[in-house]
Amino acid sequence: MSAHAIAHEAHGHHEHADPGFFRKYLWSTDHKVIGMQYLFTGMFMAIIGGFTVYVFRMQLAFPGESVPGYGYVNATAYNSLITMHGSIMVFWVAMPVLIASFGNFLIPLMLGCDDMAFPKLNRLSYQIFLLSALVVLSTFFVPGGAFGGAWTSYPPLSASAAYNATPWGAPMWLIAVILEFVAFLLGGINFVTTAMNSRAPGMKMFDVPIVVWMIVLASLVFMGSVGPLVAGAIMLLFDQLIGTGFFNPNTGGDPILWQHLFWFFGHPEVYVVLLPAVGIVAEVMTVFSRKKLFAYRTVVYTALATSVISFFVWAHHQFIAGIDPRMAGIFTVTTLIISVPIAEMMFVYIATMYGGSIRLATPMLWALAFIAEFLIGGVTGIFLGASGADVYFHDTYFVLAHFHYTFFPIAFIGTFAGLTYWFPKMFGRHMNETLGKIHFWGTVVAFNAIFIPLFLAGAGGDHRRIFDYSAFPELASLQPLRQIATIALLVLIAFQPVFLFNFFYSMFRGKRATANPWHANTLEWAAPSPPPHGNFPEMPVVYRGPYEYSVEGREDDYWPQHVPPDDVTVDGPVEAPVAAGGH
Amino acid sequence: MHFPVTRAPHREIVPNSVLGMLIFVGTEVMFFAGMISAFTITRAGSLPLVWSLPAGLVLPAAETAVNTVALIASGILMFVADRQRRAGRSGRAAGLLLGATVLGALFVLLQGREWWGLLSQGVTMQSSTLGAFFYLIVGTHAVHAVVAIVALGVAWWRLRQGTLSSAFFLGAQTFWYFVVGIWPVIYLRVYF
Amino acid sequence: MTIARVFSATLLTLAAPGSALACAVCGTMGMENNSGAYFGMTIIMSLLPLCMMGGVVYWVSRRVAAAEAASMPHQVPAPSSVPTPYPASATSPDIA
Ligand code: HEM
Ligand SMILES: [Cu+2]
């Protein structure tokens, strides 16, 4: 056994007296606890977001009928439901789980340090986030109901209660969003500073695992783009609450301006959630292909280029909003350019697998599905990016299917890849593989069955954000497609309890995991599973890059970052779940 | 199993507090840039009648020049205070820091007096779009200034007590430079 | 030069749809100013965050170079029980 990876069972804190449940789990500054807080809050919000989509998809498939578990859906309620679905999934599921939860759990472990640079700021970040989640949930119960102006919150609909009919919901939604941004600002400051200053001795810039790079870049993109939206949100709040006219043309305001402020953040935001997911897939991909990541530096530079270009494309969401057509031309070009680095990353991953000894464990299945599904999302984005084609496609279900083919792989497929892969590290136990595979196939097949019909419906002219299509007899022939999508959604939802059961059962009853069950190289696997307070029995030192798999002339097909060059021993005998790889 | 809690090695190439504050300030710059660009675009696009202040009033640009000078002087005192502190002359540094804090507070007070005058003339956020932007942008800056002044006051107190940590001082200082530095941009853009 | 010709043709084509400018909410007065302001602010707002980040990265990398020139005083020595990591980390500008 290597001296650095002592696979001992760690039960909570060794060095302190038991600090009690409250201090340990709710008032902790430990990055792992904060990561778990974000994870569980995000999972809870995903259930709420999932319930809302169940209700309004039922209304679309069977208009005017009572939805089991909810009742009749009227137009105002429909608007609230779609608004809450979109904002919860983006701001309270994808962001906390992908960035905050994985970022908090992984960054200190993968960099080989004991905690974040500013642990108290980190705790404050979660507390503000929790507050924002409570505010947004409470809007379901205020007079008028939850905000119904869509997650993009365009004025004048969002600016005046006379239009949106949610006098409480609208401002509270804005406040919740602002709070959430403050929380992620604090988190991002932590991530970047930690990655800069707390790397283990010997860990150079290009020894940092891809997922850490991605989370850091995503945080930078977030912080560079969020300011204008917060400014716009405050202006909108004034419009709602004290009757200023920032976005009201009657008083000299400009409603298009909000769209710019929103999408200036909104487009970079999609890369904020994309990059961490791509990073997670890189980690899983290399471990389960037993191969070095193809072109590590190219991936880093590509991600850098994507981050930069993501600041130049936002107006592709406004092609038909009345923006200057010359501007539309420029944004068409930049949008088509940004698909190049994304495509390149996909090629890099495929090249990584080429010739590897691939093992189709659950995390790997999710990683493969990520690539396949995200590819569809990216390719359809190119049609939308061409301003001419977008005149037809804008605000149809084609757009909706496009961004679900990007967001679902990111927020769910990527997260499942990460959770199933790091579960042994997080909880010291294994998840069940059979249940994992059942859940995988149920989810992925159902997902495609939802959105392929919606692509067709959108291309056929189905507009988004319509409560009841029976008012549009010319679109009646598309009703079967809407019903297929809804039924597939029910199937997708039906498979999720499999995951929840597997997750919580395995947390307490799963097979115990050793420190490094997947035989991976990165530093988090040098810590015990689960890592105790302080993470490492002995702070690791780094000797090589993170992806030295199947190195020529080595007995083992992996070479952990912290093992000294002359040390030929490995972490004990190879155990069951890993096939002997290499060639 | 017990093991000694080893602190992770921190190679603070740039002090944590400075790097963290720089990132924060970058976000804040974007926040102000968002408001100023909104101001610019709206002003370029809106009709004079709904844009200007009521009844031929103008923003008091000349009086605000005094505030501006006070704020910039405060920034310079801050810079000198930092130099003195680095040279180990903390007595002098404390005096200069106090000067910077007082000048900053003076700026906020003069701003407050100006607001009082404008409000009593009927310039409100609802009266015109220029008024709305004025209170929004200048008010946001004032909130930042007040927070920063409190931090400077704390820094001064701790410096006198001998308990001022470099991290705190550097962080507060970076933030103050931001508050001082963004003001001329706001002044030139909004008042003229 | 083909590239130059393609490039200038592209630019011309981009300018062509200007006459199609039609905004449902603004009046005709002030339109020219308004779209000029949108153009200017678009350029400033896109470049500003990148310039700031670029500036910080440049400054930080200079500090790293300076620190390492002074024979790496910022590098905490490795724990005595393990050998020192490969020395490359002391020489390459390590900026992230
Ligand atoms: C290959 C890169 C991509 C291209 C070229 C692209 C292009 C586009 C375009 C042009 C639109 C506007 C369509 C319209 O409203 O008419 C759009 C919408 C959207 N895209 Fe993408 N996209 C890409 C990647 C992504 C990614 C990675 C995500 C998410 C993680 C994403 C999420 C969205 C969302 C949420 C919308 C709709 C917003 C709304 O109106 O509510 N896209 N995409
Ligand atoms: Cu976009």
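Since the model is a prediction, treat every value here as computed from it, not as a measurement. Chain letters run A, B, ... following the sequence lines, proteins first and then strands; every chain starts at 1.
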> Would B:Thr42 and A:Phe246 count as a side-chain contact (heavy atoms from CB on, under 4.5 Å) if you check the C-alpha gap in whole Å, the side-chain angles of each, and the deciding distance to 0.1 Å?
Replying inline: CA-CA 8 Å; B:Thr42 314; A:Phe246 288 116; over 6 Å; no
> Among A:Leu111, A:Leu186, A:Leu185, who wins on heavy-atom pairs under 4.5 Å with chain B?
Replying inline: A:Leu185
> Top residue by heavy-atom pair count (under 4.5 Å) with chain B, among A:Gly232, A:Gly245, A:Gly227, A:Gly253?
Replying inline: A:Gly227
> Heavy-atom distance under 4.5 Å to chain A: side chain of B:Ala132, backbone, both or neither?
Replying inline: both
> Using non-hydrogen atoms only, which part of B:Phe133 is less than 4.5 Å away from chain A: side chain, backbone, both, or neither?
Replying inline: both
Nearest heavy atoms of [X] and [Y], plus distance in Å:
X	Y	value
B:Gly34	A:Ala231	C-CB, 4.3 Å
A:Met235	B:Ala38	CE-CB, 3.8 Å
B:Asn16	A:Phe118	O-CZ, 3.2 Å

Counting only heavy atoms not in [X], do more than 12 sit closer than 6.0 Å to its [atom1] atom?
X	atom1	answer
B:Arg86	CZ	no
B:Gln126	CD	yes
B:Tyr191	OH	yes

> Roughly how far, to the nearest 0.5 Å, is CG of A:Leu229 from CZ of B:Phe31?
Replying inline: 10.5 Å
> With distance as the sole test, does B:Thr129 use its side chain to make a donor-acceptor pair with the main-chain N or O of A:Thr251 at under 3.5 Å?
Replying inline: yes
>> Does any part of the side chain of B:Ile23, heavy atoms only, come nearer than 4.5 Å to the side chain of A:Met223, both counted from C-beta?
In response: yes
> For chain A, which of B:Glu28, B:Arg43, B:Met125, B:Met35 has the most heavy-atom pairs under 4.5 Å?
Replying inline: B:Met125
